[in-house]
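These notes concern the structure reproduced below.
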Number of protein chains: 2
Amino acid sequence: MKKRVRDPEQTQRKLVAAAIVLILRQGFHATSVDQICAEAGVTKGSFFHHFANKEALGLAAIAAWAKIGRDAYAPAWHDAVSDPLKRLHRMLEIMSQLTERPEGPCVCIVGMMSQEMALQDETLRDACSGELLDWNQEVAAMLAAAKEKHPPAIDFDPVEVAWFLNSLWQGSMLVGKTRAEPALIRRNLTHARAYLDHLFGTQGRASRKPKSPSRSKS
Amino acid sequence: MKKRVRDPEQTQRKLVAAAIVLILRQGFHATSVDQICAEAGVTKGSFFHHFANKEALGLAAIAAWAKIGRDAYAPAWHDAVSDPLKRLHRMLEIMSQLTERPEGPCVCIVGMMSQEMALQDETLRDACSGELLDWNQEVAAMLAAAKEKHPPAIDFDPVEVAWFLNSLWQGSMLVGKTRAEPALIRRNLTHARAYLDHLFGTQGRASRKPKSPSRSKS
DNA sequence: TTTTTCATACCAACCGATTGGTATGTAATG
DNA sequence: CATTACATACCAATCGGTTGGTATGAAAAA
């Protein structure tokens, strides 16, 4: 007889982890509860013990993904000592590196579920909207701090520019996935850098050929 | 008995039109063939007479959408007399106006199906990839022509910048839909304009109005 | 310590509805 | 007539979700 293991937290974690993997590959609708259970090695009965419905699992997946993101961005976001402009470039560097992971294309579960569910499921839309906002606030805070420390050549609204970067990032992952060309994302990020350099009046080129990414010190 | 109308072309058009409406609202997977048939006022037998399967209809919807797009961009793309840089700004103007339509949020079926299907269905991915490429080539051609006529302040690769604008546009629609804030898209387009002005060395501001001080920190 | 209790983690089997897709028949067209 | 356009009825598979019940472990009771 199989030994029955009781570990509710790990069971939930396994389900959420399986959901993230499958949703990133297939999208939310195309990923069935059965599939998630199989991937997690959990029965369906157990699934619905821990989650009221599929939507609830979606929410948990979004939250877990957000945590992964915060950890990835942490070196740029939560380094109080560095210059804010330097931290901004560091974040762009991190984003660029996310592009090079061999496990698969650079994708975001928030962007995917936004695109798929925003007009259908208000709860999921709100969750995605909130995560996009959180990202934006971090970036806007860095931009605002950078503005204060380095009077920009051209005035701008930090929140507005953060949404600009946010949208570019999401769109780059979308197009990069469809074109199966991660280098495309990196080139877009280089242009984002160039725009920031333009706003702050710092030296930087728009880049014509993909050369070594200039990580000029502020 | 009901009079039976035979108009194969219109039947196909109705099916494609219904598919576009429903997919834009619900995504591809969430839109069933039954639903499409109901919306189009066509029976399922008729559907499968005209389309081999659901994927085939998806392809037709993408193609039809691309035609709609070409018509919308036509004033900017196919005006041989205007200055190419002017045509570029005209296109951005058109994109901005697409944001203001009251029928619903500004969305793109290519971006939606890319995000949902790119890693699942190679045929659909190729179709989306091709449409993104077509858009890009039009924009890249304008950029190249503009470069020739107006020697830019900063050298750049037209194709590369076109992908930058392409990604920004797709990402803006994604975020704009999720945040339910079409003005966000317009502001992003303003920044795109500013970047182009920067590249070409023409006069332009980053944003019209620097707004209230940024706060917001977690 | 040992036994009893009891909420909960977990499971297999099942449910009605819906999915994409077919088989087959009929009516219009050329 | 043959071909094409459309309709009806149906299918197996799968969907999200429910069912009734078993296994478990920690606390309470003995």
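The figures that follow rest on heavy atoms only: side chains count, while hydrogens, waters and symmetry mates do not. Just so we're on the same page: letters track the sequence lines, and every chain starts at 1.
Between the CD atom of B/Gln10 and the P atom of C/dT29 there is a distance of 14 Å, given to the nearest Å. B/Ile36 places its CD1 atom 11 Å from the P atom of C/dT19, with the value rounded to the nearest Å. Between the NZ atom of A/Lys44 and the C1' atom of C/dC10 there is a distance of 15 Å, given to the nearest Å. Taking atom CG of residue B/Leu124 and atom P of nucleotide C/dG20, one finds them 14 Å apart after rounding to whole Å. The distance from atom CZ of B/Arg6 to atom C1' of D/dA5 is 4 Å, rounded to the nearest whole Å. Counting to the nearest Å, the C1' atom of D/dT8 and the CG atom of B/Asp34 are 13 Å from each other. Remark: P of C/dT8 and CG of A/Asp7 are 17 Å apart, rounded to the nearest angstrom. Look at CG on A/Leu15: it is 13 Å from P on C/dA9, rounded to the nearest Å.
A heavy-atom distance below 4.0 Å to DNA chain C is reached by these residues of residues 46-60 of chain B, ordered by number: B/Phe48, B/Asn53, B/Lys54.
In this model, the phosphate group of D/dA5 is not approached by any side-chain N or O of B/Thr11 to a distance below 4.0 Å at OP1 or OP2. Phosphate proximity of D/dC15 to A/Ser32: present, with a side-chain N or O under 4.0 Å from OP1 or OP2.
With hydrogens and angles left out, the side-chain atoms of A/Asp126 and A/Ser129 include no donor and acceptor closer than 3.5 Å.
Applying the ring pair (Phe, Tyr, Trp, His ring centres under 6.0 Å) criterion to B/Phe48, with sequence neighbours excluded, gives no partner residue.
Here B/Thr43 lies in heavy-atom contact (under 4.0 Å) with a base.
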Assess the residue pair B/Arg187 and A/Phe164 against the criterion (side chain to side chain contact (heavy atoms under 4.5 Å, CB included)); give the C-alpha distance rounded to whole Å, side-chain angles, the decisive distance to 0.1 Å, and a yes or no.
CA-CA 8 Å; B/Arg187 289 193 295 268; A/Phe164 176 78; over 6 Å; no
Report the C-alpha distance between A/Glu116 and B/Gln26 in whole Å, list the side-chain angles of each, state the deciding distance to 0.1 Å, and finish with yes or no for side-chain hydrogen bond (donor to acceptor under 3.5 Å, both in side chains).
CA-CA 7 Å; A/Glu116 199 179 343; B/Gln26 308 175 333; over 6 Å; no
What verdict does the side chain to side chain contact (heavy atoms under 4.5 Å, CB included) test give for A/Gln115 and A/Leu174, after you've listed the backbone C-alpha separation in whole Å, the side-chain angles of each residue and the deciding distance to 0.1 Å?
CA-CA 10 Å; A/Gln115 191 76 296; A/Leu174 192 161; 3.6 Å; yes
List the steps and the verdict of salt bridge (Lys or Arg N to Asp or Glu O under 4.0 Å) for B/Arg70 and B/Asp134.
CA-CA 10 Å; B/Arg70 279 193 299 274; B/Asp134 285 353; 5.0 Å; no
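The residues B/Arg193 and B/Asp197 are annotated as not salt-bridged, no charged nitrogen and carboxylate oxygen being separated by less than 4.0 angstrom.
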